[in-house]
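Only heavy atoms go into these numbers, but all of them, side chains included; no hydrogens, no water, no symmetry mates. Note that the coordinates shown come from a computational prediction; the quantities given were computed from them, not determined experimentally.
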Number of protein chains: 2
Amino acid sequence: MGTSRNQTAVTLAQVAEAAGVGESTVSRVLRNHGSFSGKTRDRVMTAVERLGYVPNRIAGTLASTGSRLVAFVIPSLSNIVFADVLRGAGATLEEHQYQAVFAVTDYDPAREEALVASMLAWRPAAVMLAGYEHTERTIKMLRAANCRVVEMLDVDGTALDLAVGFSNRAAGRASAEFLLKRGYRRIGYVGHDLDRDTRAGKRYSSFCETLSANGVPLADREIYREASSVERGRLGLDLLLARTPDLDAVYFSNDDMALGGYFHCLALGIVIPSQLAIFGYNGLDLGRVMPQALSTIRTPRVATGQLAAKLIVDNAPSQVIDLGFELIEGATA
Amino acid sequence: MGTSRNQTAVTLAQVAEAAGVGESTVSRVLRNHGSFSGKTRDRVMTAVERLGYVPNRIAGTLASTGSRLVAFVIPSLSNIVFADVLRGAGATLEEHQYQAVFAVTDYDPAREEALVASMLAWRPAAVMLAGYEHTERTIKMLRAANCRVVEMLDVDGTALDLAVGFSNRAAGRASAEFLLKRGYRRIGYVGHDLDRDTRAGKRYSSFCETLSANGVPLADREIYREASSVERGRLGLDLLLARTPDLDAVYFSNDDMALGGYFHCLALGIVIPSQLAIFGYNGLDLGRVMPQALSTIRTPRVATGQLAAKLIVDNAPSQVIDLGFELIEGATA
DNA sequence: AGTTTTTTTGGCAGCGCTACCATTTTATGG
DNA sequence: CCATAAAATGGTAGCGCTGCCAAAAAAACT
């Protein structure tokens with residue numbers, strides 16, 4: 001048991017007692033809110049220091065109106081996308097004394113529902129979600145809750161309140177148009193669970209539609225019902241090429257998958273891009289330092305987090321903000 | 001403003017009123033604690049459903065003794081290591097109705113200090129940190145706080161309370177011994193900020209000591225004072241080889257850096273491992289699907305998170321648990 | 001010195017819940 | 001049928017703060 005647990009913590013009342021002032025005075029000094037004299041502040045701070053007082057935010061939040069908690073309910077932590085969003089939001093929130101709380105859904109809408117319910121019990125100032133696809137009950141709860149909602153990383157749909165992101169449909173289309181422009185005609189797709197990662201699903205369907213509209217339907221595809229990974233990308237490309245060897249380009253559901261595909265080509269001596277072109281999504285930093293820069297779409301993930309946080313601390317009115325994306329031509333397609 | 005904010009939320013008292021029972025009865029039913037009849041439960045649940053009641057955990061936590069918050073104060077979210085740890089801990093904590101809260105230090109001890117202080121204000125059941133290196137005041141606060149402390153990902157030092165991880169010194173030594181055993185004699189190092197990432201620092205110094213003890217001192221090194229990244233790994237190797245072209249092996253501070261080095265070799269046609277061997281640290285999944293499997297050390301990151309969480313929910317006595325690591329021979333060294 | 005204004009301060013009622021205790025109701029047993 | 005145990009229920013005092021209001025002290029004017 002090592003440390004001294006079970007002792008009751010120092011309270012504001014004890015600090016007030018020790019400093020010889022009233023409780024509300026201590027509260028005012030600590031929050032630097034309202035007025036108090038310099039010597040009072042010194043006496044309070046001395047007592048705080050001496051007793052090692054740490055304010056209890058649970059009590060503080062209960063007593064005051066609105067909390068300063070922001071609840072993130074995200075699909076995954078392994079996916080760098082969400083880590084980037086959190087990182088972007090972190091700084092702004094911290095600056096404004098907000099506290100981030102999070103839970104991971106594993107791309108499961110039912111889990112999202114349960115986690116949102118659980119999060120709302122903390123009476124957060126805002127709930128930050130990925131995308132627009134939620135269960136009916138999730139939407140109902142969020143509407144009923146007295147808090148802001150930010151749907152991040154997508155703008156193709158109807159927002160509950162605030163939304164910050166970019167168009168996955170447009171990204172899918174841009175990817176297809178790029179490959180067509182470059183002259184590829186036998187195009188395949190390697191992806192991960194589209195039912196769950198609905199943003200990847202939107203890119204995929206938009207990609208296919210664009211190809212079809214240009215008279216070049218998708219030649220073949222290999223889709224795993226699992227989370228994306230470098231490993232799945234490599235395996236996927238292997239299976240795809242075994243079935244359809246004459247492909248001249250492959251669109252991957254994201255850069256991780258594409259990296260797997262790239263490794264596969266290296267291992268088998270498939271020359272990129274002359275023999276096979278590779279295109280990803282996300283624009284991870286590592287794409288830039290690959291022997292051949294990865295052709296992909298860079299998404300403003302950190303900026304999404306930053307802006308989402310900013311909208312919350314500024315209590316901005318409901319709106320949808322499209323941050324766009326950037327197509328990186330690279331050397332693999 | 002879109003949604004219906006500013007309405008006051010339904011309270012337990014209102015549910016009690018609506019169900020025609022006492023407040024404590026509602027509380028008991030909702031927490032499934034204490035005794036109540038079946039028909040009372042039904043009436044309560046009906047009222048809860050009808051009013052859309054969501055319990056207020058802020059109030060609940062304040063009223064009850066210990067909280068069910070677990071505070072993670074981690075160096076980075078971009079580094080997959082910490083995402084893995086969080087993922088491991090997440091499931092267990094959720095199962096036991098604990099809520100994870102987190103903050104990111106950017107490997108800065110001063111920021112860690114500030115964030116720990118801020119976290120303690122939430123009166124968490126436990127604070128989860130990376131490693132043993134903390135400021136004096138951080139340690140003092142944690143000792144004074146009435147909560148458990150878990151130091152993760154390291155076991156080389158003295159634990160405050162609980163510790164779960166593996167020995168970075170042993171990992172550094174094992175890496176050096178492996179390279180020596182394979183016959184490499186001109187060994188270099190490419191790393192990132194060792195002052196801040198003290199675990200990487202421990203691996204490095206232990207690596208060097210082992211080399212020296214075997215009469216093969218480190219030939220050269222290239223250290224960035226920044227966070228690790230694939231990009232830095234590639235640049236680092238470039239600089240290192242420009243200065244010391246006759247190296248036969250390079251030890252990287254982690255797999256991301258090593259991947260950068262690998263890319264560099266591919267780009268320049270440096271044959272691995274005959275011309276240059278590469279060794280990493282972490283054992284990321286992608287290392288397995290590289291054209292040549294990366295030689296590295298696999299660390300039990302998810303397991304660390306799982307066990308850390310389990311110790312907390314079980315209220316285990318103070319102890320240090322070494323989960324060990326696994327050296328993966330791979331094909332790059 | 002007496003007013004008026006401004007600044008500083010303390011008291012205390014909640015915030016919404018849980019924990020404890022007292023009370024009522026129901027079941028058990030001789 | 002009454003005594004006794006067990007189960008179910010309600011009342012209420014806090015948990016540690018904040019926010020409001022009134023009171024006291026200090027400053028600024030006549």
Cationic N near anionic O, under 4.0 Å, [X] to [Y]:
| X | Y | result |
| --- | --- | --- |
| B:D84 | B:R87 | yes |
| B:D193 | B:R196 | yes |
| B:D154 | B:R199 | no |
| B:E95 | B:K310 | no |

Short N/O separations, protein against nucleotides 14-16 of chain C, under 3.5 angstrom:
| unit_1 | atom_1 | unit_2 | atom_2 | d |
| --- | --- | --- | --- | --- |
| C:dC15 | O2 | A:A63 | N | 3.3 |
| C:dG16 | N2 | B:A59 | O | 3.4 |

Q: Name all pairs fulfilling the ring pair (Phe, Tyr, Trp, His ring centres under 6.0 Å) condition that reach into residues 33-72 of chain B, sequence neighbours left out, sorted by first residue then second.
A: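 Of all non-adjacent pairs touching residues 33-72 of chain B, none passes ring pair (Phe, Tyr, Trp, His ring centres under 6.0 Å).
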Q: Give a yes or no answer on whether the side chain of B:R123 reaches the backbone of B:A145 with a donor-acceptor pair at less than 3.5 Å.
A: no
Q.
Within the 4.5 Å heavy-atom criterion, are A:L311 and A:I321 side-chain neighbours or not?
A.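 Contact flag for A:L311/A:I321 side chains = yes.
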Does any donor atom in the side chain of [X] or [Y] lie under 3.5 Å from an acceptor atom in the other side chain?
| X | Y | result |
| --- | --- | --- |
| B:N315 | B:R148 | yes |
| A:T135 | A:R137 | no |
| A:T105 | A:E112 | no |

Q) Taking only residues two or more places apart in sequence, or in another chain, which ones meet B:F102 in a ring pair (Phe, Tyr, Trp, His ring centres under 6.0 Å)? A) A:F102
(Q) Need two values: the first and the last nucleotide of DNA chain D, 5' to 3', having an atom under 4.0 Å from any heavy-atom of chain A. (A)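 Counting from the 5' end, contacts occupy D:dG16 to D:dG19.
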**Q.** Where DNA chain D forms stems, i.e. three or more consecutive Watson-Crick or G-U pairs with both distances under 3.5 Å
**A.** C:1-30 with D:1-30
Q | Reported NE2-to-CD distance for the pair A:H134 and A:E151, which is rounded to 0.5 angstrom | A |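 It is 4.0 Å, given to the nearest 0.5 Å.
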Find every protein N or O atom lying less than 3.5 Å from an N or O atom of nucleotides 5-11 of chain C, and list the pairs.
| unit_1 | atom_1 | unit_2 | atom_2 | d |
| --- | --- | --- | --- | --- |
| C:dT8 | OP2 | A:S35 | OG | 3.4 |
| C:dT9 | OP1 | A:S37 | OG | 3.1 |
| C:dT9 | OP1 | A:T40 | OG1 | 2.2 |
| C:dT9 | OP2 | A:S37 | N | 2.9 |
| C:dT9 | OP2 | A:T40 | OG1 | 3.3 |
| C:dG10 | OP1 | A:G22 | N | 3.3 |
| C:dG10 | OP2 | A:G22 | N | 2.6 |
| C:dG10 | OP2 | A:T25 | OG1 | 2.5 |
| C:dG10 | O5' | A:G22 | N | 3.4 |
| C:dG10 | N7 | A:S24 | OG | 2.9 |
| C:dG10 | N7 | A:R28 | NH2 | 3.2 |
| C:dG10 | O6 | A:R28 | NH1 | 3.3 |
| C:dG11 | N7 | A:S24 | OG | 3.4 |
| C:dG11 | O6 | A:S24 | OG | 3.0 |

